[in-house]
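The first residue in the sequence is number 1, and the count goes up from there. Both counts, for ligands and for their atoms, begin at 1 and track the order of listing. No hydrogens, no waters, no symmetry mates; every other heavy atom, side chains included, goes into these values.
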Amino acid sequence: MHGDIENILMTEAEIDECIRRLAAQITADYRDKSLTAVVILRGSLVFAADLIRKIELPMTVDFIQASSYGAGTISSGTLNITHGLEDDPTGKDLLLIEDIIDSGNTLLHLREYLKGSGAASVKVCTLLSKPERRSVDIEADYTGKIIPNEFVVGYGLDYDQKYRNLPYIGILKRDIYE
Ligand code: PRP
């Protein structure tokens, strides 16, 4: 285990099991739809890479980037879309792929933005959700794991752009960010 990690919240095996369950649900639900996975950069890249390979349907993948966090751990509540979709979403069934829902601000803004894009539907799949931190009323359509209010990193999630490459999800030691 990395020296900056207090303990492991999800092992590689637990992540794999969780993703298999989500992918099976998505495969069943999108069988007659025109699925496009919209990967929310950068945190979702690792989750999305594993999830899409377990979805047994024809689909496309696009990317969007929205940024609200700097080096700190508190959401500013505002959102900048720094990279928009490449493909025309008209008529597509968009599934936003998120690594974590914290305050909910990122998702709320992105979902509303994409609902106005001409897409046939807009849903959300998140690996993690921290309901204790929610400041807006939003939940994902597909949730991997509900977690306590701890600062988590790894498997795509960062602190100050570090730890994204850890293969598990760990709780960061407090003295690293306080
Ligand atoms: C993180 C995370 C979510 C968002 C969740 O992204 O990946 O997108 O924060 O927080 P919220 O529910 O409070 O909005 P971040 O803006 O840190 O960018 P990153 O994906 O590049 O790490």
(message) When you group the ILVMFWY residues by side-chain heavy-atom contacts below 4.5 Å and let the links chain together, are Leu166 and Ile8 in the same group?
(response) yes
(request) Give yes if a backbone or side-chain nitrogen or oxygen of Ile101 is under 3.5 Å from a nitrogen or oxygen of ligand 1, and no if not. (result) no
(message) Tell me the contacting part of Asp158 for ligand 1: side chain, backbone, both, or neither, using a 4.0 Å heavy-atom threshold, strictly below.
(response) side chain
(request) Report yes or no: does Asn105 have a heavy atom closer than 4.0 Å to ligand 1? (result) yes
(message) Geometry only, no angles: is Gly43 polar-contacting ligand 1 at N/O separations under 3.5 Å?
(response) yes
(message) With a heavy-atom distance limit of 4.0 Å, tell me whether Asp102 approaches ligand 1 through its side chain, its backbone, both, or neither.
(response) both
(message) How about CD on Gln65, more than 12 heavy atoms from neighbouring residues, nucleotides or ligands closer than 6.0 Å, or not?
(response) yes
(request) Taking all heavy atoms of Lys92 and all of Thr36, pick out the closest pair and write down the distance. (result) CD-OG1, 3.6 Å
(request) Select the closest option to atom 22 (O) of ligand 1 among Arg164, Gln65, His109, judged by heavy-atom distance. (result) Arg164
(message) On a heavy-atom basis, which atom in Thr82 and which in Ala66 lie closest, and how many Å separate them?
(response) OG1-N, 4.2 Å
(request) Go through the steps to decide whether Asp93 and Lys123 satisfy the test side chain to side chain contact (heavy atoms under 4.5 Å, CB included), and finish with yes or no. (result) CA-CA 8 Å; Asp93 293 292; Lys123 289 193 172 183; over 6 Å; no
(request) Taking atom CD of Glu56 as the centre, report whether more than 12 heavy atoms of other residues, nucleotides or ligands fall under 6.0 Å from it. (result) no
(message) Heavy atoms only, cut-off 4.0 Å: how does Glu98 contact ligand 1, side chain, backbone, both, or neither?
(response) side chain
(message) Out of Ser103, Ala66, Ser44, who is nearest to atom 11 (P) of ligand 1 when you count heavy atoms only?
(response) Ser103
(message) As an exercise, identify every atom of ligand 1 less than 4.0 angstrom from a heavy atom of Gly104.
(response) 11 (P), 12 (O), 13 (O)
(request) For the residue pair Tyr159 and Asp4, confirm or rule out a side-chain donor-acceptor distance under 3.5 Å. (result) no
